[in-house]
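By convention in this document, chain letters (A, B, ...) are assigned in the order of the sequence lines, proteins followed by strands, and residues within each chain are numbered from 1.
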Number of protein chains: 2
Amino acid sequence: MSTTPAPDAYAEPHGSGGGVGVARVTLQTVADEVGVSRMTVSNAFSRPDQLSAELRERVLAAADRLGYVGPDPAARVLARGTTGAVGVLLTESVGTAFQDPIAAAFFGSVAEELAPTGLAVALLPSTGTEQTVPARDVPMDGALVYSCAGDMTAVTWLLRRKLPLVFVDQPPTGDASSVLLDDRPGARAAAQHLLDLGHRRIAFLTTAFGLPDGVAPDPADAGIGYVSRERVAGWMSALGPAGAQVTAIHITDNSEEFAEAGARTLLDLPERPTAVLCFSDLVAWTVERVARERGLAVPGDLSVVGYDDSPLARAAQPQLTTVRQDLAAKGRVAATTLTRAIARARGEEGAPTGPEHVLVPTELVVRASTGPVPQG
Amino acid sequence: MSTTPAPDAYAEPHGSGGGVGVARVTLQTVADEVGVSRMTVSNAFSRPDQLSAELRERVLAAADRLGYVGPDPAARVLARGTTGAVGVLLTESVGTAFQDPIAAAFFGSVAEELAPTGLAVALLPSTGTEQTVPARDVPMDGALVYSCAGDMTAVTWLLRRKLPLVFVDQPPTGDASSVLLDDRPGARAAAQHLLDLGHRRIAFLTTAFGLPDGVAPDPADAGIGYVSRERVAGWMSALGPAGAQVTAIHITDNSEEFAEAGARTLLDLPERPTAVLCFSDLVAWTVERVARERGLAVPGDLSVVGYDDSPLARAAQPQLTTVRQDLAAKGRVAATTLTRAIARARGEEGAPTGPEHVLVPTELVVRASTGPVPQG
DNA sequence: AGGATCTACTGTAGCGGTACAGAAACCGAG
DNA sequence: CTCGGTTTCTGTACCGCTACAGTAGATCCT
């Protein structure tokens, strides 16, 4: 015995890649070990009711012994035809999307609602390499298109794949479903609130909602500025008939930087408005700050209205009058609308027979940043 | 000719499932149309250099005509062995993770850094259904484990799958890589700053960093409270030697609600501390608010130090002295560490030969919420 | 006793691609 | 005219799993 060379000496005769190539453990490996068919092992993992509890135990034990984790997800996806994941298509810059607490809260709510269904959420950057375009190459059962102004090529891929789609904060294309904020009534209420306080010289501070002059509107770009347009429409529906004197100031982006520039422009106006309707709480918060820096009182000299009712609205001094959107609800609705769209594509029972379009309500919240129009 | 029945009349002879079952368009369909092999069509899409430009054009045109979008992602994943996606394992509650601006900014940075590589990010809720456990069932090339205190079952799945893993804000297991915040020096500097201002009665307001009494520490739970422990260790490394009188107040969770309770406890202390070191800016911000409500001046009566340098730190009144962590950098590093770990698993050249462990620096930022110890 | 119905397991036939090793045609050089 | 080297396309062999239709034996009912 002692002269017998160690068995290991003969292992891996050709010493392939230095041990990296350990033959993979598959269903078959386990099946051979237990002495059953591959199908039985598959059932032991995926359909326990198809075999006796006793055999299942033995199979699972053998699998454990061999270090078999379970059916390979990739292979399972191919064989089953479902992926267990849905995509979320984001704006050009994913980072920006996450900086925005509104977007972040929305994603969180979506993921949370989806978790119990076992669906994972895949974030799809709309850009990609030449080689890899997530919207085209990531396996998924459906996708959420979230306010993707501009870059429509990713959306085009999703459409071509005929994936169940839900457009959020953006009008839908084709037979996709949609979840839109019912912005107009909320915006209208905010404007009416200012009118009721006696304001007649009112400004908007909002992101651009039209295309640059001379650019032909591309139908594929229908989503651009949709949200701003709706909010402006809501504001105007109250202010127009009342004959208020309206000044619109456009800011490039919903960021503190641009908001600050916009606020300065606003306060430099020869006939300074007595109230301002802002695209977001961030903008409103910035206006408050700039006004304070100039020694103007809010709401004494200037009433400010925000939008979203984000945490910032309550953190601001004075706390912002704003239009609340229920982000948690929006996320939940988006998630269920998507799962229903997927069910529809699969022809499941009880699934909707066509695309669904949901409006999420908005509501005016009056706090301390608005007050009666100053005398004189 | 006019007597010939319309060709359509004979289409779909067995009228299968009412049109739902339109035979799927695959590589083969296109290949037959063009009269080439399946392989050639595959190459037309995936490896253009393998065929003549002219033929490729014809293939692509035919594909377009037939409505063939491109190789099926699921099948491609199986055949190629790579998925084009990485997972991010989140805390029990995905929603909570996204509420937290720190976490949100981190994810954004990760996704942004990953975008150019064409990798999508899959959010893995650590829970799932009985049937579906994302950490086990989602195809991915690797994963980030982000501060997943407690629930280790999902992590266990990832480990068993032998996926390339990067632990973030949590000590790594096995041969996983890690990206940790270098909390101690920053925390130490914050504590030293208070000492330099003359403070000797100092409180901590932090999330629990130990296990409840009587619970045996489970090695698998090594990650629990890691961050708090590090910060406390940093604070103590300065305060201990200086002989400061330290009171630790534990809060259940890094939320405004618990922070508020903690702040009250703190201010009710018989011998009220003159300064407080907080686990986060959110906690510090809350302390400022509660102090203000009680008519205490910050920093006149109480110095407050935050942590993270989140946007809240600058929004607070007075602006918070805090310890900055560079979230964008942390995200970038986490992303590249993960791609390197994946490269290593694939045995690519230039890949690291072992797990990598990166420390992200922290830095004290002095603002207005700290001042000299009050006289008397 | 003789079907009808279950339960427990197996075999076959894909799912829709890609890798890799040819084979055939082409091409300039010796 | 032959020969090595390209370029261009093809055939085969998987990737690892699941759906579905069976088969065989056990159980039940009348």
Side-chain angles (χ1 to χ4, degrees), chain A residues 21-32 34-59 63 66-84 131-132 136-141 161-162 346, chain B residues 17 21-32 34-60 62-63 66-84 131-132 136-139 141 161-162 346:
Chain A
V22 183
R24 206 151 166 205
V25 184
T26 72
L27 275 187
Q28 190 66 63
T29 323
V30 181
D32 293 347
V34 187
V36 294
S37 81
R38 196 172 27 156
M39 224 23 251
T40 300
V41 179
S42 170
N43 284 334
F45 280 95
S46 308
R47 302 171 59 172
D49 55 318
Q50 296 295 299
L51 36 49
S52 65
E54 185 270 335
L55 179 53
R56 185 170 125 96
E57 276 313 307
R58 269 171 48 217
V59 170
L66 293 168
Y68 180 73
V69 182
D72 179 286
R76 197 209 277 254
V77 164
L78 180 58
R80 292 226 269 222
T82 76
T83 69
Q131 301 299 319
T132 324
R136 161 161 61 78
D137 299 326
V138 173
M140 50 189 153
D141 293 333
R161 283 174 68 177
K162 303 211 174 64
R346 289 185 186 152
Chain B
V22 183
R24 207 150 165 204
V25 184
T26 72
L27 275 186
Q28 191 67 64
T29 324
V30 180
D32 293 348
V34 187
V36 295
S37 82
R38 196 169 29 146
M39 217 33 244
T40 300
V41 179
S42 171
N43 284 333
F45 280 95
S46 308
R47 301 171 60 172
D49 55 317
Q50 295 296 298
L51 36 50
S52 65
E54 185 270 337
L55 178 55
R56 185 170 124 95
E57 277 313 307
R58 270 171 48 217
V59 169
L60 260 29
L66 293 168
Y68 180 73
V69 182
D72 180 285
R76 197 207 277 252
V77 164
L78 180 58
R80 290 227 270 222
T82 76
T83 69
Q131 301 299 319
T132 324
R136 163 160 60 77
D137 299 327
V138 173
D141 293 333
R161 283 173 69 178
K162 303 210 174 64
R346 290 186 186 150

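When every heavy atom of B/Gly84 is checked against every heavy atom of A/Val138, the shortest pair comes out as O-CG2, 4.4 Å. For the residue pair B/Leu60 and B/Phe45, the shortest heavy atom distance occurs at CD1-CZ, 4.0 Å. When every heavy atom of A/Thr26 is checked against every heavy atom of A/Tyr68, the shortest pair comes out as C-CE1, 3.7 Å.
End-to-end axis angle of the helix from C/dA1-D/dT30 to C/dG30-D/dC1, from C1' rotation axes over five pairs per end: 40° (rounded to 10 degrees).
Contact check, B/Thr40 against D/dC9: no side-chain N or O comes under 4.0 Å of OP1 or OP2.
Side-chain contact between B/Val30 and B/Val59 is present, with heavy atoms from C-beta onward closer than 4.5 Å. Contact annotation: the side chain of A/Ser46 approaches that of A/Pro71 to within less than 4.5 Å [non-hydrogen atoms, C-beta and beyond]. Using a 4.5 Å heavy-atom threshold, the side chains of B/Val41 and B/Val36 count as touching.
At least one donor-acceptor pair under 3.5 Å links the side chain of B/Arg161 to the backbone N or O of B/Arg136.
A/Gln50 has its CD atom 10 Å from the C1' atom of C/dT7, to the nearest Å. Atoms CG (A/Leu51) and P (C/dT10) sit 9 Å apart, rounded to a whole Å.
Residues passing the side chain to side chain donor-acceptor pair (under 3.5 Å) test with A/Ser42: none are found, sequence neighbours excluded. Not counting sequence neighbours, the partners of B/Arg346 by the side chain to side chain donor-acceptor pair (under 3.5 Å) test are B/Asp141.
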Can you pull every protein N or O that's under 3.5 Å from an N or O on nucleotides 23-28 of chain C?
none

Practice task
Could you run through nucleotides 15-22 of chain C and give me one letter per nucleotide, 5' to 3': B if any protein heavy atom sits under 4.0 Å from the base, S if only the sugar-phosphate is that close, - if neither?
Solution key: BBBBBB--
Show which side-chain atoms of residues 49-56 of chain B pair as donor or acceptor with protein atoms under 3.5 Å away, not counting sequence neighbours.
| from | atom 1 | to | atom 2 | distance (Å) |
| --- | --- | --- | --- | --- |
| B/Ser52 | OG | B/Leu55 | N | 3.3 |
| B/Arg56 | NH1 | B/Ala44 | O | 2.3 |

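Counting non-hydrogen atoms under 4.0 angstrom, A/Val77 reaches nothing in the nucleic acid.
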